2 protein chains.
Amino acid sequence: MQEKPTSFDIAQLAGVSQPTVSRALRGSPTVSEATRRKIEEIARQLNYKVDKNASNLRSQHTNTLALLLFEDPTPDDSLINPFFLSMLGSITRNCAIRGYDLLVSFQQLSGNWHTDYQDSGKADGVILLGYGDYDEYRWRLDKLVAEGANFVRWGSVQEGQPGITIGCDNLQGGYEITRHLIGLGRRRIAFLGAASSGYPEFQDRYRGYVKALSEAELPVLAANQVDAISTEESGHEAALTLIGRGLDFDAVVCASDLIAIGAIRALQEHGLAVPDTVAVTGFDDILAANFANPPLTTIAQDSREAGAALVDALIGQIGKQTVESRMLPTRLVVRRSCGGAPT
Amino acid sequence: MQEKPTSFDIAQLAGVSQPTVSRALRGSPTVSEATRRKIEEIARQLNYKVDKNASNLRSQHTNTLALLLFEDPTPDDSLINPFFLSMLGSITRNCAIRGYDLLVSFQQLSGNWHTDYQDSGKADGVILLGYGDYDEYRWRLDKLVAEGANFVRWGSVQEGQPGITIGCDNLQGGYEITRHLIGLGRRRIAFLGAASSGYPEFQDRYRGYVKALSEAELPVLAANQVDAISTEESGHEAALTLIGRGLDFDAVVCASDLIAIGAIRALQEHGLAVPDTVAVTGFDDILAANFANPPLTTIAQDSREAGAALVDALIGQIGKQTVESRMLPTRLVVRRSCGGAPT
DNA sequence: CTGAAAGCGCTTACAG
DNA sequence: CTGAAAGCGCTTACAG
């Protein structure tokens, strides 16, 4: 392993000064074509790479974004929400397209994250991703804004939120999928998922559900809603609670695919056929939704566009542009779990 | 947004020299307890964070690892192998435990990666992860070794491979799951998955399958094997090819869960009941395996331990320790797709 | 179009 | 236990 070459080595070999090497390699137009070629050729031969620590230190920006993935309360690898994993793929790819590196970190919501990444010069900005109790961490967002940090967040897009938020149109998604069930003749529709301010995205989906019921002049019963977080176990448990209440229902709108998969298991354990007796719908369109038994009717969130929107917004913010929160459209995906797909 | 404080600011406020601040904050034992406390207190008040670019530049190491995720030929987000996504979670977590940051990057196998990360001082070492044609990129591994790069790879552990490889015991996994099928009375067992040198992990699984058949004195027919890569579509297509050959088979060992899920779809489309007529098994134990219809009997790879092994090996290598390639045990997970689970 | 000088904010010998 | 000095490898005015 030979000594790592520096810009001084290149300069000496090219017979120019070191700053000229630096300028040439960054494609500065003030360098003559001939010297640029010569320098590039030598750099390639020596396998020279600009030292990022030195260039970042001098220029005071890193061309790196940090992705903070929250997951409370489960510190279990296997429980990372599949939707976030697919977002991660999209974010990584969009960073590469824009010439940024991506630093990834899992965080406990309760942890001490804040602006460490930006303050320590490791990243120019931060992307926040994850479910968890919003009430618990809203004050941290306020703090980030106060510190002038660059950050964007995936979540529920609402007026008066601190900072920039990118999210899908959860209300519309909940509305559309509930309308679809009503259109199929279902009338006694339950909802599984936390419908509280701590889980704004689920709450938005719940509001969409309520809106669809109200428009159809169907009753909205508190007993038809059971809290659940986005895991299969929680969905299973919530469905058991719903069944235990003894109400009559012919459909269940679930706030996520994992909840729906757990709910289907509970229903089937109790001899309730899906979709014949009870229709079930999810939200997210994760890979497993397609392979569930029966395959899940769900609302697709476009993780590809979401990743692009997050990265674009953050880079815009770093570049002192004015960026706005944005709501992305959702798409209804009909499969067999609602009984409405062509057979 | 106030000016970012430096170690000089802390030094002045604490009435000490700047190097003393640096020593105190890194927990050097040569700093007196009293001054260390004072310095830490002031640093906290100013929300001071050590500038990583400066400290990395000076100390010539970054405490950062880079994860390169390969995926050829599909540049599609949704097709990232779920198993790798779960590895990513585990690697991230283990980096955090060891005090390292993680840089993540998706790469085309054909791309120009090599040691860029290490040469440019962005990472101390690299983790390589991904399927793809091994024959196509083996020379790159040789190049990495020649350049003295620090890297570890997830893959097939074999003698004479360049560098350090961590992988699961694919041969044992293939052997065990085939034995299980034989034990359940299946005799005409096919295999779906590329059994060539370009896909050494699949090849190892195939060898385990062959070993189990041979031990049971069952014939190994070339016509019973069809190539497939790890996607649902490829599994579907391979199963159609197998069916088209008109051979009689009562079980299909698939080289991955995604292949198995595709194969089940093809079999069911042709009126072949799973598992009654044909038993099907997978490999990986991804989330969707549990929710498939019927749920997949499969071989679990422990992504948690795998991530720890990769990170430990790489950090050991960076620390100039002698590290060895390692093979991780697998675990048979029996579900309904093989017809053998208790009903 | 190119060079000499300065400096980004740390860590690391070295001296005391 | 602490300080003065040097330097990691770049980029950025500034001068010509």
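Source: prediction; values computed, not measured. Worth knowing before you read on, the calculation uses all heavy atoms, side chains too, and leaves out hydrogens, waters and symmetry mates.
The NZ-C1' distance, from Lys52(B) to dC8(C), rounds to 17 Å in whole Å. Distance, Asn53(A) CG to dC10(D) P: 10 Å, rounded to whole Å. We find that CG of Asn56(A) is positioned 10 Å from C1' of dC10(D), with the value rounded to whole Å. Between the CD1 atom of Ile10(B) and the C1' atom of dC10(C) there is a distance of 13 Å, rounded to whole Å. Between the C1' atom of dC8(C) and the NZ atom of Lys122(A) lies a distance of 19 Å, rounded to the nearest Å. Rounded to a whole Å, the CG atom of Asn63(B) is 16 Å from the P atom of dC10(C). With rounding to whole Å, Phe8(B) atom CZ is found 11 Å from dA5(D) atom C1'. The distance from atom CD of Gln12(B) to atom C1' of dA4(D) is 17 Å, rounded to the nearest whole Å.
Dashed line: the shortest gap from a side-chain N or O of Arg23(A) to OP1 or OP2 of dG3(C) is not under 4.0 Å. Residue Tyr48(B) places no side-chain N or O under 4.0 Å from the OP1 or OP2 atom of dG9(C). Between Ser59(B) and dC8(D), a side-chain N or O to OP1/OP2 separation shorter than 4.0 Å is absent. Contact check, Thr20(B) against dG3(D): a side-chain N or O comes under 4.0 Å of OP1 or OP2. Listed pair Arg36(B) / dC1(D) fails the phosphate criterion, with no side-chain N or O lying under 4.0 Å from OP1 or OP2. In terms of phosphate contacts, Ser55(A) brings no side-chain nitrogen or oxygen within less than 4.0 Å of OP1 or OP2 of dC10(D). At the phosphate of dC10(D), OP1 or OP2 sits under 4.0 Å from a side-chain N or O atom of Ser7(A). For dT2(C), one of the phosphate oxygens OP1 or OP2 lies less than 4.0 angstrom from a side-chain nitrogen or oxygen of Ser32(A). Phosphate contact (OP1/OP2 of dT2(D), side-chain N/O of Thr35(B), threshold under 4.0 Å): present. An OP1 or OP2 oxygen of dG9(D) is reached within less than 4.0 angstrom by a side-chain nitrogen or oxygen of Gln60(B).
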**Message:** Could you go through Lys4(A) and Asp51(A), starting from their C-alpha distance and side-chain angles, then the distance that decides it, and tell me whether this counts as salt bridge (Lys or Arg N to Asp or Glu O under 4.0 Å)?
**Reply:** CA-CA 10 Å; Lys4(A) 223 179 80 173; Asp51(A) 185 301; 3.4 Å; yes
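Within the shown strands, nothing qualifies as a pairing partner of dA13(D) under the Watson-Crick or G-U definition with both distances less than 3.5 Å. Across the strands present, dA4(C) finds no partner; the criterion is a Watson-Crick or G-U wobble pair with both atom distances under 3.5 angstrom.
Ranked by how close their nearest DNA chain D nucleotide is to the 5' end, Val21(A) and Pro19(B) are led by Pro19(B). Closest-nucleotide positions on DNA chain C for Asp51(B) and His61(B) were compared, and the one nearer the 5' end corresponds to Asp51(B). Nearer to the 5' terminus of DNA chain D, by closest-nucleotide assignment, is the contact made by Glu33(B) (compared with the other of Gln18(A) and Glu33(B)).
In plain terms, the two heavy atoms of Ser105(A) and Thr92(B) that are nearest each other are CA-CG2, 4.0 Å.
Ion pairing of Glu41(A) with Arg36(A) is absent here, as no side-chain N (NZ or NE/NH1/NH2) approaches a carboxylate O to less than 4.0 Å. One finds no salt bridge joining Lys52(B) and Asp101(B) here, because no Lys/Arg side-chain nitrogen approaches an Asp/Glu carboxylate oxygen to under 4.0 Å. A salt bridge does not link Glu40(A) with Arg44(A): none of the charged nitrogens is closer than 4.0 Å to a carboxylate oxygen.
One cannot find a donor-acceptor pair under 3.5 Å joining the base of dG9(D) and the side-chain atoms of Arg58(B).
Under 3.5 Å, the side chains of Glu201(A) and Ser156(A) contain no donor-acceptor pair of N or O atoms.
In this structure, of dG3(C), dC10(D), dG9(D), it is dC10(D) that holds the atom nearest to the side chain of Val50(A).
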